[in-house]
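See below for the structure under consideration.
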Amino acid sequence: KIKSTQDLVRVIAALHDAGLPALFGFGGGADLKDSNAVIVNAGQGGLSLPNRNYYTDTDAKSEETRQKFVEYMTNMFKLLGDKPDAAAANAKTVMDIQTRLATSSLAPVDFRDPNKNYNKISLTDAQAIVPNISLNEYMKLRGFPTATEINFGQPNFFKEVNTMLTEVSLDNWKTYLRWMT
C-alpha cells in the first residue's frame, strides 16, 4: 500500500513500533552527556550483516561473505514464493540498498567512540538534515512526546537516507522492507 515517501515513513514507524529494524534506529534513552536527562536518539541502521565493513571491505573473505549473503537472501525470497529470477533480483535490490546505507555508516571503530555518536541538535536542525522525513509526524506515529532536541548520532548517514528516499524507487523500498520484516 506504499504509494508515497510519506507512506514509506509511516510503514517504517509501524515496523519500529513492532520491534523490527528498518532503515535507521530511533528511541529514547539517557543523554550521554547529562545522565539526569532523557533524550531522543536517532542512529544508523538498516543493515542485515553486522556492520559497514561487511559491505565495504574488498578482501576475498568479505567478497565471499557478501556472495553467500546474496545466495541466502535469494533462497529466502524463493521460500516466500518468488520465482528464481525474481528472488535473485530482490536479493540484489536489498544488497544494493544495504550497501548504500553501509557506505554512509560509521566504521565499527568510530561507532564505538561515544564522542563521534553524540550530535545533540535542535529538532529543527535535525529536520533540515532529513526534509523527506517529517520527524514530528514520525514521533507522533510512534507515540513519542514532543521533543525540542535530538541526538542525531550520525548526521551523514541521515543525509544519505534523505537522498535515498527520493532516489530509490518505492518498489525497491517495498522489497527492502519485505526483507527486513
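Counting begins at 1 with the first residue of the sequence. Side chains included, hydrogens not; waters and symmetry mates left out as well; all remaining heavy atoms used.
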message = For a side chain to side chain contact (heavy atoms under 4.5 Å, CB included) check, start with the C-alpha distance between N90 and M76, then their side-chain angles and the critical distance, and finish with the verdict.
response = CA-CA 10 Å; N90 287 341; M76 293 303 293; over 6 Å; no
Checklist line | Sub-6.0 Å ring centroid separation between Y176 and W179 | finding: no
Taking the side chain as everything from C-beta on, heavy atoms only, tell me whether L101 gets closer than 4.5 Å to E160.
no
task: Establish, yes or no, whether a centroid distance under 6.0 Å links the rings of F26 and F144.
output: yes
Q | Co-membership, hydrophobic cluster, residues I129 and Y118, 4.5 Å side-chain | A | no
OG1 of T5 to CG of N162, rounded to nearest 0.5 Å, is 9.5 Å
Hits for salt bridge (charged side-chain N to carboxylate O under 4.0 Å, His left out) against E137, two or more places apart or cross-chain, chain-then-number order -> none
Among the clusters formed by ILVMFWY side chains lying less than 4.5 Å apart, do F77 and L79 turn up in the same one? yes
inquiry  = Between Q154 and S104 (side chain of the first, backbone of the second, donor and acceptor by atom type, cut-off under 3.5 Å), is there such a pair?
reply    = no
Is it the case that over 12 heavy atoms from other parts of the model lie below 6.0 angstrom from the NZ atom of K92? no
Is L8 linked to V168 within one hydrophobic cluster, defined over Ile, Leu, Val, Met, Phe, Trp and Tyr using a side-chain heavy-atom separation of less than 4.5 Å?
yes
d(R52 CZ, Q44 CD) to nearest 0.5 Å is 8.5 Å
Taken to the nearest 0.5 Å, the spacing of L135 CG from R142 CZ works out to 12.5 Å
With a 6.0 Å cut-off (strictly less than), is the heavy-atom count around CZ of F69, excluding the residue itself, greater than 12? yes
Quiz item: Is D96 salt-bridged to R100, cutoff N-O under 4.0 Å?
Solution: no
Under 3.5 Å, side chain of N117 to main-chain N/O of D113, donor-acceptor pair present?
yes
Between the CG atom in N119 and the CG atom in N41, the distance rounded to the nearest 0.5 Å is 11.0 Å
| Are side-chain N/O atoms of Q98 and S48 paired as donor and acceptor at under 3.5 Å? | yes
Is it the case that over 12 heavy atoms from other parts of the model lie below 6.0 angstrom from the CG atom of D85? no
Quiz prompt | Residue pair I133, V161: steps toward the side chain to side chain contact (heavy atoms under 4.5 Å, CB included) verdict | solution = CA-CA 9 Å; I133 300 173; V161 165; 4.2 Å; yes
Rounded to the nearest 0.5 Å, the CZ atom of F152 sits from the CD1 atom of I121 at a distance of 6.0 Å
Smallest heavy-atom separation, K78 atom then A87 atom, equals CG-CB, 3.6 Å
Checklist entry - Step by step, would you call N136 with L123 a side chain to side chain contact (heavy atoms under 4.5 Å, CB included)? => result CA-CA 9 Å; N136 281 323; L123 193 62; 3.3 Å; yes
dist L80:CG -> N75:CG (nearest 0.5 Å) comes out at 11.0 Å
key: Heavy-atom side-chain contact between I2 and I12 under 4.5 Å   = no
Per side-chain contact (heavy atoms from CB on, under 4.5 Å), S62 is matched among D57, N53, T56, L49 by D57
Heavy-atom side-chain proximity of L177 to L15 below 4.5 angstrom: yes
query: Below 4.5 Å, heavy atoms only, C-beta onward: do N151 and V40 meet side chain to side chain?
result: no
- Query: Would a 4.5 Å heavy-atom cut-off, applied to side chains only, mark M95 and R66 as touching?
  - Reply: yes
Subject >> Shared hydrophobic cluster for V70 and L47 (ILVMFWY, side-chain gaps under 4.5 Å) >> reply: yes
Taking A37's backbone N and O only, do any of them form a donor-acceptor pair with D31's side chain (distance below 3.5 Å, no angle check)? no
task = Determine, for D82 against R178, whether the closest basic-nitrogen to carboxylate-oxygen distance falls under 4.0 angstrom.
result = yes
Note to self: Between K1 and D7 (salt bridge meaning N to carboxylate O under 4.0 Å), is one present in this structure?
What the structure shows: no
When hydrophobic residues are tied together by side-chain contacts of less than 4.5 Å, even through go-betweens, does V9 share a cluster with I150?
yes
Residues passing the ring-ring contact (aromatic ring centres under 6.0 Å, His included) test with F24, sequence neighbours excluded, are H16, Y138, F158
Ion pair E71/K68, N-O distance below 4.0 Å = no
From the list I97, T93, L170, side-chain contact (heavy atoms from CB on, under 4.5 Å) partner of T175 resolves to T93
